[in-house]
Amino acid sequence: MRSHWAQQPFLNFGRSPPLKWMLLCFISVVALIAVFGSSSLSRLDFVDSSSAPQIYNTYRRLGEQATTDFLEIKSLSLGVTHPRELHLCVKERENHVPCYNVSANFLVGFHDGEEFDRHCELSGVGPPCLVRPPKEYKIPLRWPAGRDVIWSGNVKITKNQFLSSGSMTKRLMLLEENQIAFQSEDGMNIDGVKDYSRQIAEMIGLGSDSEFLQAGVRTVLDIGCGFGSFGAHLFSLNLMTVCIAAYEIFGSQVQLSLERGLPAMIGSFISRQLPYPSLSFDMVHCAQCGIIWDNKDGAFLIEVDRVLKPGGYFVLTSPTSKPQSSSLSVKNQNMFTPIEDFAQKICWSLLAQQDETFIWQKTADVNCYTSRKNGHIPPLCKYDNDEDSYYQPLLSCISGTASKRWVPVQNRSHWPAYYQMSAHELAVHGIHPEDFLEDSHVWRSALNNYWSLLTPLIFSDHPKRPGDEDPLPPFNMIRNVMDMSAHYGGLNAALLEARKAVWVMNVVPIRTPNTLPLILDRGFAGVLHDWCEPFPTYPRTYDMLHAMGLLSHLLNSEECDISGLFLEMDRILRPEGWVVLCDKVQVIEKARRLAAQNRWDARVIELQNDNDQRLLVCQKPFLKK
Ligand SMILES: *[C@@H]1O[C@H](CO)[C@@H](O)[C@H](O)[C@H]1NC(C)=O
Ligand SMILES: *[C@@H]1O[C@H](CO)[C@@H](O)[C@H](O)[C@H]1NC(C)=O
């Protein structure tokens, strides 16, 4: 399939600009690696027409050309002054998250919880510096070992939090002095997460939690995920759980989840919408997540409704939501809590209640809204077009009802079939099936090249011939991947098909075509983001950042400063993490200088058949001072 594809002439260059980018960057079979600032030059091959990429295979022949190439490269690099390397920031900034300066927010008058909200406008820039790792920082263990055991020096957590972590989905143990162990998959089930998950499955009428996928539940938004154990368990069932929690200075749930290699980002129910379109998730889960759901006239419940797909589930486990009467038959109860009352008004039906767990189902029938009885019912939104929602104020109306994406979760094909999208589903997104197929094919072969690049070998002055002795980097070499301009989520799909042990945060930059609804409908994780602003995550949370065409997009729109973006990329990258950029020559030149400023190891890779594009592969070193 792949070799067949590699020989195809590429058509339709005009139809889709992002696809064109990809073709230009990856069709090439031979790539030249140029070592700037070093005295040698080597040339590497990437042949993707065979099942295993044959790296370096025409090494000798190409070596003969190296002298001439070197002269060219040297003249290219003449006149480039060596960029000044940035210093490490002060220790106080080692856990710095821009846009969340609680004291500054408080000082300008935000209160009632709004001081914990995202306020980038109040985030001072400060002197440019590289956020340093804590003194005891250690490179995390690889997946799946790193899911169950983390280094305590890598996260900010207090002794008290250990002692008080008794609740379900939150239990942990101090193993050795410098390690924290979470209940492991094959462990003793000490935290009851498996039982809890089975209970939820039974409550929605399934035989066991292994049937979630058949029931249409693939993506879960876990609000306030504790230490991520529920998501970790669902992950083993092939569900994609994204954890969100408000910014926390100590023991952040988001930081802990990401440290374990589980999808998470900072996000909160305070005054603004989450940066997801409507109809995004199959299930929203909150176990003692600290949100007072009947506050603000139900605006938080309306936000849950907005991001829930039709027929999706809202699971709430909370002692406070317990109704006064504990009659077994919920339907016959007259005592409804305010939440239950409101749920009816927005066409949610209470499926079941057991102990402290309540499960509502959002209606699959769009006609439900018009048949509601009058009274204080939230109206349908007049301008129902919130797919570009980027931290807009919370709504008091119901959205998504006029969307073409109104498809009950129970009506979809089952995972994993639906990440490939049927022609009908693509039509809903206005995407031509041919474009989509090409995109998938290109990414499949491109991934081989990418993966072979993720080795410090490519930075050495005298690359060995790997041949048989140097296999490809292992499947679990990296875990947390961010595609900074994810387009259709093609890199994510290719990684999934190649069975790499990664998950991908698919970021769709605002002011580009909004493909996030498509990405989420494929069952992937994703978010809208403005790359002129910091990303809502803690430092050292991603193993690889990938961006194709993003830099030239940002430079063209002249909206923000690229060097600030590079500092931000450094902040969110783990030590020894990777950056892969594909862009125009001039842009990559600029990026290379910024990479040097950030003290990253970097290689520019020239692509055959295309003098206008370059690949820049960088690795962040583990700097201690
Ligand atoms: C947060 O804001 C306070 C008050 O404006 C300021 O003194 C402090 O330096 C800020 N902290 C950071 C990390 O920017
Ligand atoms: C979902 O499936 C049911 C049963 O097959 C069908 O009656 C219903 O019309 C479908 N709904 C939508 C929106 O496709």
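Both ligands and their constituent atoms are indexed starting at 1 by order of listing.
Remark: Asp543 engages Arg574 in a salt bridge, criterion side-chain N to carboxylate O under 4.0 Å.
The ring of Tyr450 has its center no closer than 6.0 angstrom to the ring center of Trp578. Aromatic pair Phe116/Phe110: ring centres not closer than 6.0 Å.
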If you look at each N/O of ligand 1, which protein N/O atoms lie under 3.5 Å away, and at what distance?
unit_1	atom_1	unit_2	atom_2	d
ligand 1	2 (O)	Asn101	OD1	3.2
ligand 1	2 (O)	Asn101	ND2	2.4
ligand 1	11 (N)	Asn101	ND2	2.9

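At least one donor-acceptor pair closer than 3.5 Å links the side chain of His119 to the backbone N or O of Glu114.
The closest side-chain donor-acceptor pair between Tyr542 and Thr537, if any, does not fall under 3.5 angstrom.
Evaluation of the salt bridge (Lys or Arg N to Asp or Glu O under 4.0 Å) rule for Arg540 yields no partner, not counting sequence neighbours.
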